[in-house]
Amino acid sequence: LLEVEEDATAEVAVKEGAAVALDDKASVTNWYMGSVGESCVTVCNTKHLSCSSSELQSVRDWQQVWSAASSAGASCTMSWANDGKHGQGFDNSPLVCNAGKCGSDSKGTCTYDTSPRSTCDGAPAAGFSRLCPCSSSSSSPSPSPKPPSGNSQSPSPSPQPPFGNSPSPKPPSTCKADTGGTCSWMGCATSRGTKTQIQCTTKKCLCMAGYCSVNGVCKKAAELLEVEEDATAEVAVKEGAAVALDDKASVTNWYMGSVGESCVTVCNTKHLSCSSSELQSVRDWQQVWSAASSAGASCTMSWANDGKHGQGFDNSPLVCNAGKCGSDSKGTCTYDTSPRSTCDGAPAAGFSRLCPCSSSSSSPSPSPKPPSGNSQSPSPSPQPPFGNSPSPKPPSTCKADTGGTCSWMGCATSRGTKTQIQCTTKKCLCMAGYCSVNGVCKKAAELLEVEED
């Protein structure tokens, strides 16, 4: 992405001490929730943005209103479609009940309109708040004039470096917003970016302004203009000897098996191990919905097993993956408030098991210390020429609890991605290999520092 191109969308040039910065034009739409009674014109104006009527009228089903609410920092507990017969206020859907009670609707009830008639300046129904799509458009500043030739001094505070002009960082030749991902009311996969980096727009996962899609992941445009060492694995080259240090990690991810498969089979096919402790941690509907979402499935409804429906249901969490599973329809999920599930158990007829599979990568054993004397160090790990580098010391404490709480929607992406954090008994806990630092899961390896005794 770092190419030298003329007339690029964003160009940074340093010539004779004069810095010319051209920002790319961007138009971004984000969802915001207004106060009770506010119009979208008011909501967007207070943010120095403009209401997008086209985005406003694109919300036509329950998935889209739940997604808009989630993007705005709200949540829907239920939703219904306006048919134009409930008063003008509901014609300005999407709405969310933001009072203790909104007529016959409870707090968290969302509305949408299958035949949108919403306007940006309309007021919501009593007790409701509007969900508003606000657009921003940043214009590029005029380029600074080129300094005249001759001995003119460079403007302070950017003096010339003593050994000539350092090469200017080159912008990416293209910066596309589309990650190629699709989305529904659950939003975009956290593997593509956090909610400050990516948004769900017309069922597409698009990077926000200031971010570019790189291999389907939103990356900060500024980070593409810097030469950085890979933080995931640090490689040091000393007199031709490359030393790679990998961190130990243990990660648990959820997978959905085929109909009838046990979790042992599901995890074994992925060269992983079933985690019985994680399996038995799913004890309410929020947790089974979260597990299903992590496994790439979705629950349309769920019920609690009481141990009276056959041995197959004792191996909850399950999801009905056939057209019909007895009296249950496709997408029905089950959980157990008193878990009795085993990794090797089979699910009920027509159901698929939701399986927590763990991986653990071990770092290679350290090379033996060479004997004293003139003996050569064993190949291919020669000793560095200036003695042994000090070993990194682990952090003194590594706590898993971020302090965050969670429901079926999972943990806030600001605390970590789904490979770093998990919702366990309504707590946001860092996975193995990660530590909570100020409520955010950080890789333990990145906390290792070289210190002198």
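Residue indices begin at 1 and follow the sequence shown. Note: hydrogens, waters and symmetry copies are ignored here, and every other heavy atom, side chains too, is used. Nothing here was measured: the structure is a model prediction, and the numbers come from that model.
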Residue pairs passing the salt bridge (charged side-chain N to carboxylate O under 4.0 Å, His left out) test where at least one lies in residues 59-86, sequence neighbours excluded: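 Counting only pairs at least two positions apart or across chains, no salt bridge (charged side-chain N to carboxylate O under 4.0 Å, His left out) contact touches residues 59-86.
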
Pairwise salt bridge (charged side-chain N to carboxylate O under 4.0 Å, His left out) hits with a residue in residues 408-430, at least two apart: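 For residues 408-430: none.
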
Measuring from [X]:[atom1] to [Y]:[atom2], what's the distance to the nearest 0.5 Å?
X      : Y      : atom1 : atom2 : result
Trp285 : Met301 : CH2   : CE    : 12.5 Å
Asn253 : Cys355 : CG    : SG    : 12.5 Å
Gln57  : Cys120 : CD    : SG    : 8.5 Å
Glu278 : Leu354 : CD    : CG    : 13.0 Å
Gln197 : Thr190 : CD    : OG1   : 10.5 Å
Arg353 : Leu318 : CZ    : CG    : 7.0 Å

Which residues share a ring-ring contact (aromatic ring centres under 6.0 Å, His included) with Tyr255, sequence neighbours left out: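 For Tyr255 there are no ring-ring contact (aromatic ring centres under 6.0 Å, His included) partners, ignoring immediate neighbours.
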
Those residues that, when tested against Tyr335, pass ring-ring contact (aromatic ring centres under 6.0 Å, His included) (two or more places apart):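 If we apply the ring-ring contact (aromatic ring centres under 6.0 Å, His included) test to Tyr335, skipping adjacent residues, there are no hits.
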
Testing the basics here: between [X] and [Y], what is the closest heavy-atom pair and its distance to 0.1 Å?
X      : Y      : answer
Ser302 : Trp289 : OG-NE1, 2.9 Å
Thr424 : Gln287 : C-NE2, 3.9 Å
Cys207 : Thr179 : SG-CG2, 3.7 Å

Candidate pair Val282 and Trp254, rule side-chain contact (heavy atoms from CB on, under 4.5 Å), full reasoning: CA-CA 12 Å; Val282 179; Trp254 286 89; 3.6 Å; yes

Working for disulfide (SG to SG under 2.5 Å), residues Cys320 and Cys325: CA-CA 6 Å; Cys320 173; Cys325 304; 2.0 Å; yes

Is any side-chain heavy atom of [Y] closer than 4.5 Å to one of [X]?
X      : Y      : result
Glu261 : Val259 : no
Val319 : Ser298 : no
Val65  : Ser93  : no
Ser436 : Lys399 : yes
Asn315 : Thr342 : yes
Met431 : Thr419 : no
Cys218 : Leu206 : no

Results of salt bridge (Lys or Arg N to Asp or Glu O under 4.0 Å) for Asp91 - residues two or more places apart only: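 Scan of Asp91 (salt bridge (Lys or Arg N to Asp or Glu O under 4.0 Å), adjacent residues dropped) gives Arg117.
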
Side chain to side chain donor-acceptor pair (under 3.5 Å) between Thr29 and Ser52, intermediate numbers included: CA-CA 8 Å; Thr29 301; Ser52 170; 4.8 Å; no

Parallel, tilted or perpendicular: rings of Phe313 and Phe351 (30°, 60°):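 Phe351 vs Phe313 ring planes: perpendicular.
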
Disulfide (SG to SG under 2.5 Å) assessment of Cys188 paired with Cys205: CA-CA 6 Å; Cys188 298; Cys205 292; 2.3 Å; yes

In residues 40-49, what donor-acceptor pairs under 3.5 Å come from side-chain atoms, sequence neighbours left out?
| from | atom 1 | to | atom 2 | distance (Å) |
| --- | --- | --- | --- | --- |
| Thr42 | OG1 | Ser39 | OG | 3.2 |
| Asn45 | ND2 | Val41 | O | 3.4 |
| Thr46 | OG1 | Thr42 | O | 3.4 |
| Thr46 | OG1 | Val43 | O | 2.7 |

Worked check of side-chain contact (heavy atoms from CB on, under 4.5 Å) between Ser277 and Leu279: CA-CA 5 Å; Ser277 59; Leu279 193 60; over 6 Å; no

Test item: Ser71 side-chain N/O and Ser67 main-chain N/O as donor-acceptor pair under 3.5 Å: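 Yes, the answer is positive, given that a donor and an acceptor are paired below the 3.5 Å cut-off.
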
Distance-only donor-acceptor check, side chains Thr332 and Trp303, under 3.5 Å: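 Judged by distance alone, the side chains do not pair up.
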
